[in-house]
Protein chains: 2
Amino acid sequence: MIDIQVRKLKELGLKITPQRLAVLDFLDGNTSHPSAADIYLSLRKEYPSMSMATVYNTVDVLAKNGLLLELPITKDRMNYDPDTSEHDHAFCSRCGRIFDVFPDGAAGVPATRAAELDGFRVVAVRKVYYVVCKDCEGK
Amino acid sequence: MIDIQVRKLKELGLKITPQRLAVLDFLDGNTSHPSAADIYLSLRKEYPSMSMATVYNTVDVLAKNGLLLELPITKDRMNYDPDTSEHDHAFCSRCGRIFDVFPDGAAGVPATRAAELDGFRVVAVRKVYYVVCKDCEGK
DNA sequence: GTTACTGCAAAGCTTTTGCATCCCT
DNA sequence: AGGGATGCAAAAGCTTTGCAGTAAC
């Protein structure tokens with residue numbers, strides 16, 4: 001799983017460092033949509049020398065190369081999603097959690113339509129539902 | 001146009017101050033999707049005493065009461081849209097401009113569907129297209 | 001007269017930058 | 001050996017907060 005991303009980074013002439021592997025490993029299969037600080041704090045235990053600058057450098061590199069999605073959801077911070085398949089997100093303003101929302105077939109806008117918009121070249125699309133989740137609705 | 005918003009603020013027990021009126025007047029019909037700094041810099045001329053704190057206070061009040069949309073598009077800043085009708089946005093990463101994208105009938109997800117999502121209560125929806133606009137595509 | 005709002009300054013956070021050192025290739 | 005990556009610290013932005021004074025109602 002990570003091998004594919006490592007291969008792609010190598011193809012791009014980017015170096016494979018322990019720090020980058022650690023970030024990739026942390027993100028692999030992670031559906032919590034962590035922020036840079038979340039990543040940093042989690043890796044700090046295993047890699048005490050890890051710095052925020054390296055986390056930012058790594059997520060930027062991954063995002064620029066399509067291996068990671070950047071999710072601008074609130075004004076507080078950026079969140080990241082290693083799942084680059086076409087899907088949306090739901091953000092609960094009460095608990096702050098971010099949920100994946102996968103299109104149920106007919107509802108999604110076809111990718112072909114999104115590729116051209118008012119004559120603009122579409123590079124990416126983000127759709128966010130601001131919700132109150134089940135857990136929070138019950139108080 | 002502004003009268004409707006003033007009325008709503010009054011109904012909510014909020015005070016109508018010259019600063020709030022100035023912000024409302026600036027935003028009325030404004031399709032540039034300004035940031036807080038944009039609003040501040042524009043009003044500074046006419047209202048030299050205006051402060052950023054007041055701009056933030058005002059846009060927060062307006063957004064909380066549904067008179068203004070908050071657009072989290074980049075990690076740089078929040079942008080605001082006085083047009084609260086159902087529509088999306090396109091952000092050009094080259095020039096930084098934000099364009100309105102109105103649904104062309106069939107394409108939009110019906111509001112009724114958005115009101116319930118995986119059992120979550122949907123409060124708002126934001127869809128952003130990250131694009132390269134016509135002007136920038138031509139270099 | 002109350003209560004909320006304003007404005008200023010300071011603080012808080014996230015993110016970026018500069019630079020010397022390090023290490024992947 | 002070379003060039004990118006790391007890590008530290010400082011800086012830069014945006015946004016928030018505290019508080020005294022002020023103005024709307």
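Only heavy atoms go into these numbers, but all of them, side chains included; no hydrogens, no water, no symmetry mates. A, B, ... follow the sequence lines: proteins, then strands. Residue 1 opens every chain.
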List, one per line, each side-chain donor-acceptor pair under 3.5 Å for residues 52-73 of chain A, sequence neighbours excluded.
from	atom 1	to	atom 2	distance (Å)
A:Thr54	OG1	A:Ser51	OG	3.3
A:Thr58	OG1	A:Thr54	O	2.8
A:Asn65	ND2	A:Val61	O	2.7
A:Glu70	OE2	B:Lys75	NZ	3.3

Show me the donor-acceptor pairs, under 3.5 Å and distance only, between side chains in residues 42-49 of chain B and residues at least two apart or in other chains.
from	atom 1	to	atom 2	distance (Å)
B:Ser42	OG	B:Asp38	O	3.3
B:Arg44	NE	B:Tyr40	OH	3.0
B:Arg44	NH2	B:Tyr40	OH	2.9

Counting only pairs under 3.5 Å, give me each side-chain donor-acceptor contact of residues 20-29 of chain B, with atom names and distances, residues two or more places apart or in other chains.
from	atom 1	to	atom 2	distance (Å)
B:Arg20	NH1	B:Lys15	O	3.0

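Under the 4.5 Å side-chain heavy-atom criterion for ILVMFWY residues, no single connected hydrophobic cluster contains both A:Met78 and A:Ile98. Under a hydrophobic clustering in which Ile, Leu, Val, Met, Phe, Trp and Tyr are joined whenever their side-chain heavy atoms come within less than 4.5 Å, directly or via other members, B:Val123 and B:Val128 fall into different clusters.
Within 6.0 Å of atom CG in A:Leu12, more than 12 heavy atoms from other residues, nucleotides or ligands are found, so the atom counts as buried in its surroundings.
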Polar pairs (N or O, both sides) under 3.5 Å between protein and nucleotides 23-25 of chain C?
from	atom 1	to	atom 2	distance (Å)
C:dC24	O3'	A:Ile16	O	3.2
C:dC24	O2	A:Lys15	NZ	3.2
C:dT25	OP1	A:Ile16	N	3.1

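Taking 4.5 Å as the limit, every side-chain heavy atom of A:Phe120 sits out of range of all side-chain heavy atoms of B:Val132. Residues B:Val131 and B:Phe91 are not in side-chain contact: their nearest non-hydrogen atoms beyond the backbone lie 4.5 Å or more apart.
Near-neighbour residues of DNA chain D inside residues 38-59 of chain A, defined by a heavy atom below 4.0 Å, number-ordered: A:Ser49, A:Met50, A:Ser51, A:Ala53, A:Thr54, A:Asn57. Within a heavy-atom distance below 4.0 Å of DNA chain C, the residues of residues 73-83 of chain B found are B:Lys75.
Residues that satisfy the side chain to side chain donor-acceptor pair (under 3.5 Å) test with B:Ser32, not counting sequence neighbours, are B:Asn30. With sequence neighbours excluded, the residues satisfying side chain to side chain donor-acceptor pair (under 3.5 Å) with A:Arg97 are A:Asp135. Under the rule for a side-chain contact (heavy atoms from CB on, under 4.5 Å), the partners of B:Ala124 that lie at least two apart in sequence or sit in another chain are A:Tyr130, B:Arg126.
Think of the region where chain A sits on DNA chain D: with heavy atoms and a 4.0 Å cut, that region ends 5' and 3' at D:dG2 to D:dT16.
When the P atom of C:dC5 is taken as reference, atom NZ of B:Lys64 falls 11 Å away, rounded to whole Å.
Applying the ring pair (Phe, Tyr, Trp, His ring centres under 6.0 Å) test to every pair with at least one member in residues 60-87 of chain B, sequence neighbours left out, gives these pairs: B:His87-B:His89, B:His87-B:Phe102.
The terminal axes of the helix from C:dG1-D:dC25 to C:dT25-D:dA1, fitted over 5 pairs per end, subtend an angle of 40° to the nearest 10°.
Here the straight-line distance linking atom CZ of A:Arg94 with atom CZ of B:Arg121 works out to 6.0 Å at 0.5 Å rounding.
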Handout entry: Full working for side chain to side chain contact (heavy atoms under 4.5 Å, CB included) between B:Lys10 and B:Leu14
Key = CA-CA 5 Å; B:Lys10 279 184 180 173; B:Leu14 299 167; over 6 Å; no

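For the residue pair B:Asp81/B:His33, the side-chain donor-acceptor check at 3.5 Å is satisfied.
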